[in-house]
Asker: 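Below you'll find the structure I mean.
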Amino acid sequence: MLSHVYRFLKHNNIIHLKLFIILLMSCIPDGIDLSSNRLLATSPIPSYFNSSTILPSLKTLRLDGYFSFENNQHAANDFGSTHHFLPTAVLHPKSVADISSTVKHIFEMGSGSELTVAARGHGHSLQGQAQAHRGVVINMESLLEQEIQVCSGEHPYVDVSGGELWINILHETLRYGLAPKSWTDYLYLTVGGTLSNAGISGQAFKHGPQISNVYQLEVVTGKGEVVTCSENQNADLFYAVLGGLGQFGIITRARISLEPAPKMVKWVRVLYSDFPSFSKDQEHLISSQDSFDYIEGFVIINRTGLLNTWRSSFDPKDPIRAGQFSSEGRTLYCLEMAIHFSPNDKDIMNQVSISNK
Ligand SMILES: Cc1cc2nc3c(=O)[nH]c(=O)nc-3n(C[C@H](O)[C@H](O)[C@H](O)COP(=O)(O)OP(=O)(O)OC[C@H]3O[C@@H](n4cnc5c(N)ncnc54)[C@H](O)[C@@H]3O)c2cc1C
């Protein structure tokens with residue numbers, strides 16, 4: 001039954017709901033912290049499970065990787081740098097079995113231990129999302145058990161570790177003339193980290209966010225079981241983990257859909273000084289069939305000297321107009337667009353991108 005509900009919700013834009021929740025959570029003031037990765041600072045660890053019993057208990061686990069119990073400050077920081085929760089231990093797994101046996105061990109301690117677990121990708125989230133107060137942080141980037149495996153064919157895909165960086169996936173898939181369909185702007189983020197959020201960039205209007213481009217996941221559940229899930233297999237878990245903010249399981253492997261990588265790209269940026277024209281054009285472009293392959297809108301606040309940082313974006317034949325531009329601290333709006341094309345169409349590309357607009 002649940003799987004039908006999930007499928008129904010997915011088809012009715014659950015992704016938008018998740019994005020809304022993520023936006024809502026990012027607006028929650030500092031005083032309220034919904035992160036269930038951590039214990040409230042006031043919750044004492046019961047005496048029968050304090051650090052003097054937890055540490056020896058974790059040390060009994062036979063692992064391919066290892067725990068670090070000291071010098072774990074890096075695991076108490078993230079991109080926001082406003083929340084710092086020191087874990088009791090950091091697991092550096094070398095296998096999925098390491099993660100599974102650690103989570104199982106903690107699950108079997110029972111709820112009395114109150115020991116929390118957080119997967120940490122590249123630590124580029126905010127507000128302690130990837131931290132575990134007095135708990136165990138799992139450093140997913142050390143899980144390199146499985147190499148990146150590309151499968152070309154009619155429906156190409158790539159199998160990757162949950163701790164893999166998207167930049168590495170791009171380099172590897174390009175060797176086969178392929179690339180993932182949906183991206184984030186910044187690629188030094190892990191697969192598990194962005195699939196736990198959504199993964200949005202200028203391809204989302206066409207292919208959906210990254211979580212809509214996954215064929216299959218391998219997940220370590222809260223009981224420490226290793227479960228394969230997809231749209232047709234353990235679908236409840238699949239749709240809970242995708243966009244689940246790390247609360248429904250740990251992604252140890254993902255099968256990601258690929259497409260032929262573009263051979264050439266025409267890249268255009270258009271600046272607006274008024275919001276209604278900007279949003280009207282963006283809505284028009286994203287709703288037009290066969291327009292661009294990438295469309296993203298930005299708000300640019302209080303950035304003088306903007307074009308100095310964009311100099312490489314402009315046609316070298318147009319330095320005079322570019323030099324005359326001054327944002328002078330105004331709020332500006334920018335549409336960034338790209339269209340893929342074959343080298344054979346090189347000569348007509350400027351006309352095509354203008355007529356699309
Ligand atoms: C400079 C910058 C640019 C960005 N650009 C974009 C963008 O263009 N589009 C976009 O959508 N987002 C963007 N983000 C946001 C980013 O996608 C998220 O913050 C993402 O979670 C960071 O990935 P990470 O590997 O650093 O994850 P972390 O910060 O390590 O973890 C984030 C969350 O995912 C969970 N998690 C991590 N790994 C796993 C796993 N294997 N299994 C289950 N849960 C896991 C963690 O517990 C935590 O809750 C950007 C962030 C930065 C700092």
Side-chain angles (χ1 to χ4, degrees), residues 15 18-19 21-23 25-26 33-38 74-83 85 87 90-91 93 96 98-100 103 116-133 135-146 160-169 180 182-205 207-214 217-222 226-227 229 237-238 240-254 256 294-298 336:
I15 289 149
K18 282 180 173 169
L19 294 181
I21 292 168
I22 292 165
L23 281 173
M25 288 182 76
S26 63
D33 194 334
L34 291 187
S35 166
S36 58
N37 283 341
R38 72 178 191 92
H74 68 282
N77 201 9
D78 56 28
F79 195 79
S81 212
T82 56
H83 289 58
F85 305 116
V90 175
L91 172 66
V96 174
D98 284 355
I99 299 174
S100 158
V103 174
T116 55
V117 178
R120 178 185 170 92
H122 209 52
H124 271 40
S125 51
L126 313 173
Q127 297 199 320
Q129 272 185 49
Q131 299 176 27
H133 180 63
V136 175
V137 167
I138 303 181
N139 174 23
M140 296 303 297
E141 285 187 282
S142 66
L143 179 68
L144 297 173
E145 185 184 54
Q146 185 189 308
V160 290
S161 159
E164 192 61 76
L165 290 176
W166 285 99
I167 185 73
N168 297 337
I169 299 170
S182 192
W183 291 98
T184 50
D185 295 353
Y186 180 67
L187 301 185
Y188 289 83
L189 304 169
T190 65
V191 168
T194 68
L195 294 186
S196 297
N197 283 277
I200 309 165
S201 185
Q203 303 85 3
F205 80 98
H207 296 293
Q210 289 183 323
I211 55 171
S212 299
N213 292 281
V214 180
L217 296 173
E218 179 188 76
V219 172
V220 174
T221 68
V226 183
V227 178
C229 58
L237 181 65
F238 184 65
V241 168
L242 291 173
L245 296 171
Q247 301 301 301
F248 297 92
I250 297 173
I251 300 166
T252 47
R253 186 178 56 77
I256 292 153
Y294 165 100
I295 301 170
E296 193 158 279
F298 298 95
E336 186 176 62

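Each ligand, and each atom within it, is numbered from 1 in the order the structure gives.
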Asker: Considering all heavy atoms of both residues, which atom of I138 and which atom of P93 are nearest to each other, and what is their separation?
Answerer: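 Looking at all heavy atoms of both residues, the shortest contact is CG2-CG, 3.9 Å.
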Asker: Distance from I251 atom CD1 to S161 atom OG, nearest 0.5 Å?
Answerer: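 It is 10.5 Å, given to the nearest 0.5 Å.
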Asker: Below the 3.5 angstrom mark, is there an N/O of G123, backbone or side chain, next to an N/O of ligand 1?
Answerer: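 Right, the criterion is met.
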Asker: Using modelled atom types and a 3.5 Å cut-off, is there a donor and acceptor pairing between side-chain atoms of T252 and backbone atoms of E218?
Answerer: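 Yes; at least one donor-acceptor contact below 3.5 Å.
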Asker: Identify which one of N197, L195, L237 satisfies the side chain to side chain contact (heavy atoms under 4.5 Å, CB included) criterion when paired with L242.
Answerer: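 Of N197, L195, L237, side chain to side chain contact (heavy atoms under 4.5 Å, CB included) with L242 is met by L195 alone.
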Asker: Ignoring hydrogens, just give me the one of I200, T252, V220 whose non-hydrogen atom is nearest atom 11 (O) of ligand 1.
Answerer: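 The option holding the nearest heavy atom is I200.
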Asker: For ligand 1, find out whether one of its N or O atoms is nearer than 3.5 Å to an N or O atom of H124.
Answerer: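 N/O-N/O distance under 3.5 Å: yes.
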Asker: Does the S182 side chain pair with the main chain of H207, one donor and one acceptor, at a distance under 3.5 Å?
Answerer: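 Judged by distance alone, no pair lies under 3.5 Å.
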Asker: Quick check: T190 and ligand 1, any N/O pair under 3.5 Å apart?
Answerer: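 It does: an N or O of T190 is found under 3.5 Å from an N or O of ligand 1.
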Asker: How about CZ on F79, more than 12 heavy atoms from neighbouring residues, nucleotides or ligands closer than 6.0 Å, or not?
Answerer: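 No - once you tally the heavy atoms of other residues, nucleotides and ligands closer than 6.0 Å, there are 12 at most.
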Asker: Near G246, which atoms of ligand 1 are under 4.0 Å from a heavy atom of that residue?
Answerer: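 Those atoms are 44 (N).
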Asker: Using the side chain to side chain contact (heavy atoms under 4.5 Å, CB included) rule, take T116 and F85 through it: C-alpha gap first, then chi angles, then the decisive distance, then the call.
Answerer: CA-CA 12 Å; T116 55; F85 305 116; over 6 Å; no
Asker: Should you measure from each heavy atom of L245, which atoms of ligand 1 turn up under 4.0 Å away?
Answerer: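 Taking each heavy atom of L245 in turn, ligand 1 has 49 (O) under 4.0 Å.
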Asker: At under 4.0 Å between heavy atoms, is it the side chain or the backbone of N197 that contacts ligand 1, or both, or neither?
Answerer: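 Only the side chain of N197 comes within reach of ligand 1.
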Asker: Quick one: do the W166 and T184 side chains pair a donor with an acceptor below 3.5 Å?
Answerer: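 Per modelled atom types, W166 and T184 side chains form no pair under 3.5 Å.
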Asker: For the atom pair CG (N139) and NE2 (H122), what is the distance rounded to the nearest 0.5 Å?
Answerer: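 Taking CG in N139 and NE2 in H122, the distance rounds to 10.5 Å.
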Asker: Between the side chains of Q131 and D78, does any donor sit under 3.5 Å from an acceptor?
Answerer: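 There is such a pair between these side chains.
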Asker: Which of the numbered atoms in ligand 1 are below 4.0 angstrom from a heavy atom of G121?
Answerer: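 Near G121, the atoms of ligand 1 are 25 (O), 28 (P), 30 (O), 37 (C), 38 (N).
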Asker: Should we count OH of Y188 as having more than 12 external heavy atoms under 6.0 Å?
Answerer: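 No, not enclosed.
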Asker: For side chain to side chain contact (heavy atoms under 4.5 Å, CB included), just list the numbers for M140 and I250, CA-CA rounded to whole Å, side-chain angles, deciding distance to a tenth of an Å, and then say yes or no.
Answerer: CA-CA 9 Å; M140 296 303 297; I250 297 173; 3.8 Å; yes
Asker: Any nitrogen or oxygen of I251, main chain or side chain, under 3.5 Å from a nitrogen or oxygen of ligand 1?
Answerer: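 I251 vs ligand 1: N/O contact under 3.5 Å present.
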Asker: With nothing but distance in play, are any N or O atoms of L189 less than 3.5 Å from an N or O of ligand 1?
Answerer: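 It does not: no N or O of L189 is found under 3.5 Å from an N or O of ligand 1.
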Asker: Suppose I only count heavy atoms of M140 and a 4.0 Å limit; which atoms of ligand 1 are within that range?
Answerer: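 Numbered from 1, ligand 1 contributes 41 (N).
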Asker: Looking at CD of E296 and CD1 of I200, how far apart are the two atoms once the value is rounded to the nearest 0.5 Å?
Answerer: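 Separation between the atoms: 9.5 Å.
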Asker: Out of G192, A254, A130, whose heavy atom sits nearest atom 38 (N) of ligand 1?
Answerer: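 Ranked by closest heavy atom to atom 38 (N) of ligand 1, first place is G192.
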Asker: Which atoms of ligand 1 are found less than 4.0 Å from any heavy atom of G249?
Answerer: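 This gives 43 (C) as the contact atoms.
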Asker: Using a strict 4.0 Å cut-off to heavy atoms of G199, name the atoms of ligand 1 that fall inside it.
Answerer: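 Under 4.0 Å from G199, ligand 1 has these atoms: 11 (O).
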Asker: Look at ligand 1 and say whether S201 reaches it with a heavy atom at a distance under 4.0 Å.
Answerer: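 It does not, in that no heavy atom of S201 comes within the 4.0 Å cut-off of ligand 1.
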Asker: Does ligand 1 come near enough to R120 that some N or O of the ligand is less than 3.5 Å from an N or O of the residue?
Answerer: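 In this structure, R120 places no N or O atom under 3.5 Å from an N or O of ligand 1.
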Asker: Show which atoms of ligand 1 fall inside a sub-4.0 Å distance from at least one heavy-atom site of F79.
Answerer: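 Result: 53 (C).
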Asker: Does the N or O separation between A119 and ligand 1 drop below 3.5 Å for any pair?
Answerer: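 For ligand 1, there is an N or O atom that lies under 3.5 Å from one belonging to A119.
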Asker: If the cut-off is 4.0 Å to any non-hydrogen atom of S125, which atoms of ligand 1 fall inside it?
Answerer: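 Going through ligand 1 atom by atom, the ones under 4.0 Å from S125 are 19 (O), 28 (P), 29 (O), 31 (O), 32 (C).
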Asker: Under 4.0 Å, counting heavy atoms only: does D78 come that close to any atom of ligand 1?
Answerer: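 No; D78 lies far enough from ligand 1 that no heavy-atom distance drops under 4.0 Å.
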Asker: If I apply the N/O under 3.5 Å rule, does G193 come out as touching ligand 1?
Answerer: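 Indeed, backbone or side chain, G193 has an N or O that close.
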